Amino acid sequence: MTSIPTLLPLDYYDLPFCAPQGGHKLDKQNLGENLAGDRIQTSPYYLQMKTDMYCEQLCVSNLGRSRTNKLAKAIQKYYHNNWLVDYLPAASKVEDEFTVTTRYLGGFPIGYMSQDPRNGTQNQAFVFNHVNIEIMYHAVDLEMDKYRVVRATVEPFSIPHGFKELDHHLEGGNSNNYMTNDMQSVLPKLVNITNPIESCKRLQVHTNFYMRSVGQLAEGHVLFTYDVIWIENQDLYWSSRWDVYLNMDNFVPDMVHWLSLANSVVVCVMLLGILVVALVCCLRKERNQYNSLETDEECSEYVEQHGWIAIRGDVFRPPSFLPSVFAVICGTGAQLMCTASLIVTFSAFGFMSSARSGHFIMGTLVTFAIMGAVGGYVSARLCKTFKSASRWRAATLTAFGFPGLSFGVFFLINMIERAHKSTKAVSLWTLLTLILLWFCVEVPLVFLGAFVGYKCDPIEFPFEPVGDEARRLPPRRPWYNRVLIFLARAILFDIIPFAAFYVELFFILGSAW
């Protein structure tokens with residue numbers, strides 16, 4: 001269960017919900033699912049293919065006192081259930097007098113806060129003790145009597161079921177002995193409902209919004225029930241059942257403003273072309289003239305007439321302070337860039353999909369570890385170009401710097417989540433798996449790439465970089481002036497262009513994916 005205000009997932013069975021007989025079982029999970037905090041567990045809900053079910057009794061649970069029980073506190077924190085049907089996330093349907101809203105992300109709430117109409121008490125917690133499970137299916141082509149689930153929707157209701165004991169067993173899960181009649185397969189009755197709504201009277205009518213009256217308070221003994229509705233959808237195929245989740249239910253329109261986007265691209269390309277042509281013509285001519293000079297006097301006279309040549313050596317000047325750190329940053333950036341490019345490429349060709357739970361995270365980690373060879377190569381090549389004496393120190397920082405910082409932050413957050421007993425906290429075995437992937441795959445590849453990079457020749461620049469003694473540099477500004485200039489540059493030249501680029505790229509990928 002997840003909550004946006006708290007950001008700390010909870011175990012479904014930590015709250016007094018109905019559990020399957022014999023206890024719930026945890027599904028086998030891969031590394032990506034463990035890191036994402038996904039805990040797939042069995043449920044007590046019984047579904048039979050193409051068999052509608054009406055007001056089936058699941059169990060009677062004692063929720064405890066109002067406002068002090070765990071379920072009421074979870075409702076106050078807006079926790080949501082996240083169910084899977086055939087490993088397909090269940091959408092949430094919310095209905096009122098005028099509209100019906102379906103959301104495909106975030107699950108459905110376990111209850112709501114409202115005023116109790118019976119006594120006027122404010123901020124009472126009401127539990128959703130009834131759900132309509134709506135399953136869409138599609139017949140398998142060329143195969144008889146075989147069907148596939150293509151969509152699942154859950155609509156929760158809060159219904160104050162009054163009931164009397166049927167036998168001495170009041171609390172507990174359902175039984176595995178299912179009764180069959182002429183119309184449907186039903187679970188055995190646990191209690192006698194004293195105030196049944198139409199769907200609980202075996203009238204073959206499903207629960208809807210207009211059958212409810214007041215809600216069920218999240219306290220005391222509560223009866224949990226559910227309906228199952230099967231709908232055949234001949235237009236929705238198995239191969240496209242994930243589309244509505246990937247495009248967020250058409251949140252991004254299929255056709256974006258292509259005309260204005262094309263106009264902006266054309267203008268940018270034209271301006272860039274004009275600038276490149278002007279620079280190339282000017283610089284090539286002056287560079288050829290400068291290279292044709294033979295004596296130092298002629299060179300000095302030419303430099304005085306063309307002041308921009310005096311700073312030509314500063315373009316590729318190596319950092320004066322810790323050049324190996326700059327090489328490490330460049331190597332880590334190249335490693336991240338290659339990882340992102342490969343992940344996007346694999347996703348575009350269908351090798352990685354959200355339908356495979358956890359594979360995206362696991363593929364990203366493995367790709368980043370393999371791309372450690374690129375990071376080591378780039379950092380080593382730059383260190384050799386900068387003539388840095390601490391070459392292998394740069395390779396060590398590349399192997400342990402960014403991964404160590406990321407693992408440290410992850411470990412700290414994991415300890416906080418474990419202190420709050422959140423299901424997002426990973427186990428010790430998962431941490432050991434990450435450490436083994438780091439030390440046994442990423443670190444050796446970084447040093448292998450660094451070895452290859454040191455064997456290569458240094459990078460050759462068009463102009464030979466010069467040191468600080470070759471040209472007198474202007475004095476440094478006070479620190480507060482540098483901070484103000486840095487903030488101004490970050491806002492004008494970094495944040496604003498990045499925001500515009502991000503918005504445009506979001507619409508483009510959302511339309512073309």
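Note that this is a predicted model, so its numbers are computed, not measured. Note that these values count all heavy atoms, side chains included, but never hydrogens, waters or copies made by symmetry.
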### Spacing of CG belonging to Leu434 relative to CG belonging to Leu31, to within rounding of 0.5 Å
5.5 Å

### Heavy atoms of other groups near Tyr78 OH, more than 12 under 6.0 Å
no

### Message
For Thr430 and Ser427, which I'm curious about, is there any donor-acceptor pair between the side chains at under 3.5 Å?
### Response
yes

### Task
Verify the ring-centre separation between Phe128 and Phe224: is it less than 6.0 angstrom?
no

### Query
Asn82 side chain to Met1 main-chain N or O, any donor-acceptor pair under 3.5 Å?
no

### Query
So does Met113 have more than 12 non-hydrogen atoms from other groups sitting under 6.0 Å from CE?
yes

#### Entry: Close side-chain approach of Lys164 to Val191, heavy-atom, < 4.5 Å
no

### Query
Given side chains that start at C-beta, do those of Leu342 and Met337 come closer than 4.5 Å, heavy atoms only?
no

#### Entry: Nearest heavy atoms of Val85 and Ile135, plus distance in Å
CG1-CD1, 3.8 Å

Just distance, no hydrogens or angles: give the donor-acceptor pairs under 3.5 Å from side chains in residues 406-413, sequence neighbours left out.
from, atom 1, to, atom 2, distance (Å)
Ser406, OG, Phe402, O, 3.0

### Query
From Thr332 OG1 over to Met371 CE, what is the distance, rounded to the nearest 0.5 angstrom?
14.0 Å

### Message
Once ring-ring contact (aromatic ring centres under 6.0 Å, His included) is applied, do any residues pair with His80, and if so which ones, sequence neighbours excluded?
### Response
none

### Message
Please check if the number of heavy atoms outside Met49 that lie under 6.0 Å from its CE is greater than 12.
### Response
yes

### Query
What distance do Leu445 atom CG and Cys440 atom SG have between them, rounded to the nearest 0.5 Å?
11.0 Å

### Summary
Here the gap from Glu155 atom CD to Thr101 atom OG1, rounded to the nearest 0.5 Å, amounts to 10.5 Å

### Query
Which atom pair, heavy atoms only, marks the closest approach of Tyr112 to Gly215?
OH-CA, 3.7 Å

### Message
Contact between Leu365 and Leu35 at the side-chain level, heavy atoms closer than 4.5 Å - yes or no?
### Response
yes

### Query
So do the side chains of Val127 and Leu217 get within less than 4.5 Å of each other, counting heavy atoms only?
no

### Query
Gln41 and Asp11: side chain to side chain contact (heavy atoms under 4.5 Å, CB included), yes or no, with the steps?
CA-CA 10 Å; Gln41 300 170 323; Asp11 193 336; 3.1 Å; yes

### Message
Main chain of Met211, side chain of Asn208: is a donor-acceptor contact present, judged purely on distance under 3.5 Å?
### Response
yes

### Query
Would you say the side-chain atoms of Asp227 and Thr207 include a donor-acceptor pair closer than 3.5 Å?
yes

### Message
Determine whether Ile133 and Tyr45 satisfy the following criterion, side chain to side chain contact (heavy atoms under 4.5 Å, CB included), listing intermediate values before the conclusion.
### Response
CA-CA 10 Å; Ile133 305 176; Tyr45 291 87; 4.1 Å; yes

### Message
If you apply the rule side-chain hydrogen bond (donor to acceptor under 3.5 Å, both in side chains), what do you find for Thr153 with Tyr104, and how did you get there?
### Response
CA-CA 8 Å; Thr153 306; Tyr104 292 88; 5.5 Å; no

### Message
Working to the nearest 0.5 angstrom, can you tell me the gap between Asn62 CG and His221 NE2?
### Response
4.0 Å

### Query
How about Lys201: does its NZ atom have over 12 heavy atoms from other parts shown lying under 6.0 Å from it?
yes

### Message
Between His130 and Ser158, does the side-chain hydrogen bond (donor to acceptor under 3.5 Å, both in side chains) criterion hold? Intermediate values first, please.
### Response
CA-CA 6 Å; His130 179 92; Ser158 183; over 6 Å; no

### Message
A side-chain contact here means heavy atoms from C-beta on lying under 4.5 Å apart; do Val222 and Val60 qualify?
### Response
no

### Results of side-chain hydrogen bond (donor to acceptor under 3.5 Å, both in side chains) for Lys25 - residues two or more places apart only
none

### Task
Look at Asp38 together with Lys424 and state whether they make a salt bridge at an N to O cut-off of under 4.0 Å.
no

### Query
CZ of Phe346: more than 12 outside heavy atoms within 6.0 angstrom?
no

### Query
So, the side chain of Asp14 versus the backbone of Lys70: is there a donor-acceptor pair under 3.5 Å, distance only?
no

### Query
Under a 4.5 Å cut-off applied to non-hydrogen side-chain atoms, are Glu33 and Ile40 in contact?
yes

### Task
Quick one: do Tyr12 and Phe17 satisfy ring-ring contact (aromatic ring centres under 6.0 Å, His included)? Show the steps, please.
CA-CA 7 Å; Tyr12 179 82; Phe17 289 118; 4.7 Å; yes

### Query
Is the backbone N or O of Ala218 less than 3.5 Å from a side-chain atom of Asn69, with the two atoms forming a donor-acceptor pair by type?
yes

### Query
Does one side chain, of Gln124 or Glu219, offer a donor that lies under 3.5 Å from an acceptor on the other?
no

### Task
Indicate, with yes or no, if the rings of Tyr237 and His138 have centres closer together than 6.0 Å.
yes

### Query
Do Ser199 and His206 meet the criterion of a side-chain donor-acceptor pair at a distance under 3.5 Å?
no

#### Entry: Residue pair Arg241, Asp86: steps toward the salt bridge (charged side-chain N to carboxylate O under 4.0 Å, His left out) verdict
CA-CA 12 Å; Arg241 67 173 189 163; Asp86 193 24; 3.5 Å; yes

#### Entry: Ile110 side, atom CD1; Leu15 side, atom CG - distance, nearest 0.5 Å
5.5 Å

#### Entry: Donor-acceptor contact below 3.5 Å, side chain Trp230 vs main chain Gln48
yes

### Message
Would you say that Pro89 contacts Trp83 through its side chain, given a criterion of any heavy-atom pair below 4.5 Å between the two side chains?
### Response
no

### Message
Can you confirm whether Leu63 sits close enough to Ser61 that some side-chain heavy atom of one is under 4.5 Å from a side-chain heavy atom of the other?
### Response
yes

### Task
Could you give me the CA-CA distance, side-chain angles and deciding distance for Leu336 and Phe368, then say whether side chain to side chain contact (heavy atoms under 4.5 Å, CB included) is met?
CA-CA 7 Å; Leu336 291 172; Phe368 178 80; 3.5 Å; yes

### Exercise: do Tyr226 and Asn129 side chains pair donor with acceptor under 3.5 Å
no

#### Entry: Enclosure of Ile4 CD1 (heavy-atom neighbours >12, cutoff 6.0 Å)
no

